[in-house]
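Positions are given from 1 along the sequence.
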Amino acid sequence: MSKTYRLFISHSWSYDKNYQRVVELIQEQGISFYDHSVPKNDPIHTNGTDKQLHDAIEAKMKGTSCILILAGVYASYSKWIKKEIAIAESYGKSIIAIEPWDSDRTSTVVKNAADKIVKWQGKSIADAIKELG
């Protein structure tokens, strides 16, 4: 019987295709998982205060196996990535940083917080989830 992992995949709505591709890569590796991520079709950030968004993200992260963060350079400039890292660390969640292909520059904020840094490849991501999740 295979384990079902509980994952929170941090991403920017501007890079939603990258999020979708990470989900596909994980599925292609046969990893069974429940996605705790905030879905684009039901965003929690469009209404309410920063505190409400923080609390909603915290509630989604609380029960996860690990956190995956796309480590594109845009992540260094996102105030929410930093908050998500802080929430993950406060719960002792493992963080997996996923570096995009052909990326000369990646987020040092994300990589410094990561327990494991992997390339944009299904097997690498799946192995990290199995190791840390």
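- Interatomic distance, NZ of Lys83 versus NE2 of His54, reported as 7.0 Å (0.5 Å rounding).
- The line from CG of Asn18 to CD of Gln20 is 10.0 Å long, rounded to the nearest 0.5 Å.
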Show me the donor-acceptor pairs, under 3.5 Å and distance only, between side chains in residues 26-33 and residues at least two apart or in other chains.
| unit_1 | atom_1 | unit_2 | atom_2 | d |
| --- | --- | --- | --- | --- |
| Glu28 | OE2 | Arg21 | NH1 | 3.2 |
| Ser32 | OG | Thr4 | OG1 | 3.0 |

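- Rounding to the nearest 0.5 angstrom, the gap separating the CD1 atom in Ile67 from the NZ atom in Lys60 is 12.0 Å.
- Partners of Lys119 according to the salt bridge (Lys or Arg N to Asp or Glu O under 4.0 Å) rule, which considers only residues two or more places apart in sequence or in another chain, are Glu99.
- Counting heavy atoms from C-beta outward, Thr64 and Tyr91 have side chains that stay 4.5 Å or more apart.
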Q.
Run Lys82 and Val109 through side-chain contact (heavy atoms from CB on, under 4.5 Å) and show every step you take.
A. CA-CA 8 Å; Lys82 293 173 187 159; Val109 170; 4.0 Å; yes
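- Shown here for Ser37 and Asp35, the closest heavy-atom pair between the two residues is OG-OD1, 2.5 Å.
- Taking 4.5 Å as the limit, some side-chain heavy atom of Glu84 sits within range of a side-chain heavy atom of Ile57.
- Judged as a side chain to side chain contact (heavy atoms under 4.5 Å, CB included), and not counting sequence neighbours, the contacts of Asp55 are Lys51, Glu58.
- Two residues are said to be in side-chain contact when any heavy atoms from C-beta on lie closer than 4.5 Å; Ile96 and Ile125 fail this criterion.
- In this structure, Ser10 OG and Leu68 CG are separated by 9.5 Å, a value rounded to the nearest 0.5 Å.
- Judged as a side chain to side chain donor-acceptor pair (under 3.5 Å), and not counting sequence neighbours, Glu89 has no contacts.
- Not counting sequence neighbours, the partners of Tyr34 by the side chain to side chain contact (heavy atoms under 4.5 Å, CB included) test are Arg6, His36.
- Taking NZ from Lys130 and OH from Tyr5, the interatomic distance works out to 6.5 Å, rounded to the nearest 0.5 Å.
- Taking both residues in full, the closest heavy atoms of Gly133 and Ser65 are given as O-CB, 3.7 Å, listed atom of the first, atom of the second, then distance.
- We find the CD1-OG distance between Ile117 and Ser124 to be 12.5 Å, quoted to the nearest 0.5 Å.
- The side chain to side chain contact (heavy atoms under 4.5 Å, CB included) check on Asp115 picks up Ser94, Ile95, Leu132, with sequence neighbours excluded.
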